[in-house]
Amino acid sequence: MQTLAEGLRLPTNGLDYAILAIYFVVVLGIGFMARASVKTSLDFFLSGRSLPAWVTGLAFVAANLGATEILGMAATGAQYGVAVVHWYWIGAIPAMVFLGLVMMPFYYRSKVRSVPEFLLQRFDKSAHLLSSVLFAFAAILIAGVNLYALSIVVEALLGWPQWVAIVVAGLFVLVYITIGGLSSAIYNEVLQFFVILAALIPLTVLGLKRVGGWDAMSDSLTKQHGGDIMTAWGGTGIGDANPLGANWLTIILGLGFVLSFGYWTTNFAEVQRALSAKNLSAAKRTPLIAAFPKIFIVFAVMIPGLVAAVIVPKIGTPDSDLTYNDAIPLLMQELLPNGVLGIAVTGLLAAFMAGMAANVSSFNTVFTTDIWQRYVVKDKPDTYYLRFGRLITAIGVLASIGTAFIAASFSNIMSYLQTLFSFFNVPMFVVFIIGMFWKRASMKSGVWGLVAGTAAAMVNYFWIYKGGIIDIPSDQGANFVSAIVGFVAGAVVMVVVTLFTAPKPEAELAGLVYGTESPSPDEELEEADKAWYRKPALLGWGAIVLAAACYIPYSF
């Protein structure tokens with residue numbers, strides 16, 4: 001297992017530990033308070049569909065503020081430079097807007113409890129079962145990433161071995177999710193959102209001050225790595241070399257379309273927050289509200305990574321004992337005074353627990369409702385599935401502890417996560433998008449599209465890329481290509497299978513295919529409300545315009 005560099009022990013004192021202890025007490029308190037509202041399985045898995053849009057919106061973005069966002073994106077900034085903005089301004093915002101405006105009406109109207117359950121309504125049991133199994137497996141792997149990232153910080157804080165940190169942190173998350181269900185996870189995510197910002201903002205400001213400001217940092221990195229490291233699109237011509245190891249086509253298609261839409265529109269860890277909203281209007285606004293802070297969070301994770309690359313020029317290379325994942329702990333040690341250090345450590349732990357909790361809570365929902373209740377133990381009283389949901393939560397956390405050790409073998413956990421997304425989210429997205437916009441897509445095409453997309457992405461990554469058949473400069477570039485290959489293979493197989501198999505009866509497609517739905521009472525109420533902040537279309541276009549405006553200064 002990869003260990004944190006010995007020199008990164010944090011100089012914590014009693015004040016830092018007191019801040020951390022207060023946070024843990026509050027988190028557990030929220031869990032016990034939420035327990036009072038959990039009376040049915042719907043309360044446990046979807047908060048009884050009762051939460052307001054601002055709560056679900058903040059929880060939506062906080063659920064993503066896990067290892068991907070903090071250690072992973074800072075590591076990506078240290079390794080690839082300003083190109084990290086692609087993951088936000090084209091790799092998140094358009095897909096979040098698409099989810100809110102186009103896909104949430106389908107999800108929410110159908111009253112599904114999970115994303116795979118929508119595939120059951122649109123296709124058949126085979127597509128539903130396969131997508132449920134794939135999603136449950138991926139959720140546990142991704143929860144393990146967050147546990148591993150959390151263990152890095154705990155090791156830096158307390159000097160514990162990573163395996164001890166992984167076990168202790170996993171058990172703590174288990175307690176508050178098992179007690180309060182999704183409501184506990186969501187309300188803690190709202191708290192965690194603000195704690196995370198309180199950790200990242202001082203680190204960003206002090207980091208820039210340490211290296212002499214943006215211009216001085218830019219000059220230093222340009223001298224070390226060339227000018228392309230400080231631009232988003234520089235050197236991305238087809239055949240050109242650049243830090244990311246990808247060209248403009250693979251960035252736009254692989255990341256900007258396939259990976260981003262596959263993640264944000266089908267990843268139940270995110271969609272579950274919107275499904276817990278109190279009505280359709282709130283559900284549609286959930287990802288749109290989340291899009292606005294998402295636009296600016298990139299600065300709080302990219303800049304620390306760039307600063308770390310200036311302070312330790314050889315970070316992540318064989319000449320240094322620091323990996324890219326060490327960027328954030330390095331700056332915490334170098335820059336933060338006691339008290340602020342305690343807030344930063346608390347913020348990082350909050351981030352990783354939010355990411356893990358999001359995946360564990362989505363795992364327990366899918367496993368209980370889509371696998372256990374549907375295919376294993378049917379027609380039991382609701383109290384049985386509530387008890388089973390708590391049991392499978394414990395099993396999911398224990399499994400996550402195991403998968404955390406897999407994540408520890410990757411020097412950049414962002415690359416690992418993108419690999420998982422290309423394997424699991426992209427095939428599900430192609431099945432969704434074709435099934436949602438093409439009425440003729442047959443019932444059997446769904447399962448074969450999933451099989452073909454997953455298999456093609458894996459073959460491209462493990463055989464063609466890892467086997468050296470085609471030279472792709474980096475893991476990230478290989479992930480983009482794998483995503484494109486998986487999407488194309490899934491789409492082609494779906495079309496071919498559809499030509500030889502029977503379509504779903506048109507009478508059963510109402511509300512499941514674009515153009516077949518009718519306005520719900522929620523939507524009619526929404527049209528009658530003239531307040532601008534309740535209009536999803538205005539929020540969505542505003543987010544896209546703002547993201548595009550931020551993109552311009554960093555493009556070339």
Got a second to check how far [X]'s [atom1] is from [Y]'s [atom2], nearest 0.5 Å?
X      : Y      : atom1 : atom2 : value
Ser362 : Glu270 : OG    : CD    : 9.0 Å
Phe480 : Leu259 : CZ    : CG    : 7.0 Å
Phe367 : Ile140 : CZ    : CD1   : 9.5 Å
Ile289 : Trp54  : CD1   : CH2   : 10.5 Å
Thr266 : Asn425 : OG1   : CG    : 4.5 Å
Tyr88  : Ile93  : OH    : CD1   : 10.0 Å

With distance as the sole test, does [X] use its side chain to make a donor-acceptor pair with the main-chain N or O of [Y] at under 3.5 Å?
X      : Y      : value
Lys294 : Pro287 : no
Arg122 : Gly435 : yes
Asn479 : Ser482 : no
Thr368 : Thr365 : no
Trp89  : Ile295 : yes
Thr250 : Val481 : no
Ser218 : Trp214 : no
Lys439 : Leu509 : no
Arg273 : Gly57  : no
Thr56  : Ala274 : no

- [ ] Could you check Tyr263, Phe135, Trp87 and say which one makes a ring-ring contact (aromatic ring centres under 6.0 Å, His included) with Phe421?
- [x] Tyr263
Task: Phe429 and Phe257: CA distance, side-chain angles, deciding distance, ring pair (Phe, Tyr, Trp, His ring centres under 6.0 Å) verdict - done: CA-CA 10 Å; Phe429 171 62; Phe257 175 58; 5.7 Å; yes
I need the minimum non-hydrogen distance between [X] and [Y], along with the two atoms involved.
X      : Y      : answer
Ala232 : Val85  : CB-CG2, 3.8 Å
Pro202 : Leu197 : CD-O, 4.1 Å
Arg285 : Pro536 : CG-CG, 4.0 Å
Phe193 : Pro293 : CZ-CB, 3.9 Å
Ala53  : Thr286 : O-OG1, 4.4 Å

Decide if atom [atom1] of [X] counts as having more than 12 heavy atoms of other residues, nucleotides or ligands within a radius under 6.0 Å.
X      : atom1 : answer
Phe24  : CZ    : yes
Lys504 : NZ    : yes
Phe299 : CZ    : yes

TODO: Please test Phe137 against Phe423 for side chain to side chain contact (heavy atoms under 4.5 Å, CB included), starting from the C-alpha separation and ending with a verdict.
DONE: CA-CA 11 Å; Phe137 183 63; Phe423 292 169; over 6 Å; no
Do [X] and [Y] have side-chain atoms, one donor and one acceptor, less than 3.5 Å apart?
X      : Y      : result
Ser126 : Asp124 : yes
His86  : Tyr551 : yes
Tyr23  : Gln192 : yes

Task: Distance flag, aromatic centroids of Phe432 and Phe106, threshold under 6.0 Å - done: no
- [ ] Please assess Lys284 against Leu99 for the test side chain to side chain contact (heavy atoms under 4.5 Å, CB included), listing each intermediate value before the final yes or no.
- [x] CA-CA 8 Å; Lys284 290 166 68 175; Leu99 170 64; over 6 Å; no
Task: Trace of the side chain to side chain contact (heavy atoms under 4.5 Å, CB included) decision for Met104 with Leu275 - done: CA-CA 8 Å; Met104 278 316 303; Leu275 287 178; 4.0 Å; yes
Open item on the list: Going by side chain to side chain donor-acceptor pair (under 3.5 Å), name the residues that satisfy it together with Ser132, two or more places apart in sequence or in a different chain.
Closed with: none
Open item on the list: Is any side-chain heavy atom of Val426 closer than 4.5 Å to one of Ile484?
Closed with: no
Task: Phe296 side chain near Leu546 side chain, heavy-atom distance below 4.5 Å - done: yes
- [ ] Might you work through the side chain to side chain contact (heavy atoms under 4.5 Å, CB included) test for Met436 and Leu512, ending with a clear yes or no?
- [x] CA-CA 6 Å; Met436 199 172 282; Leu512 301 176; over 6 Å; no
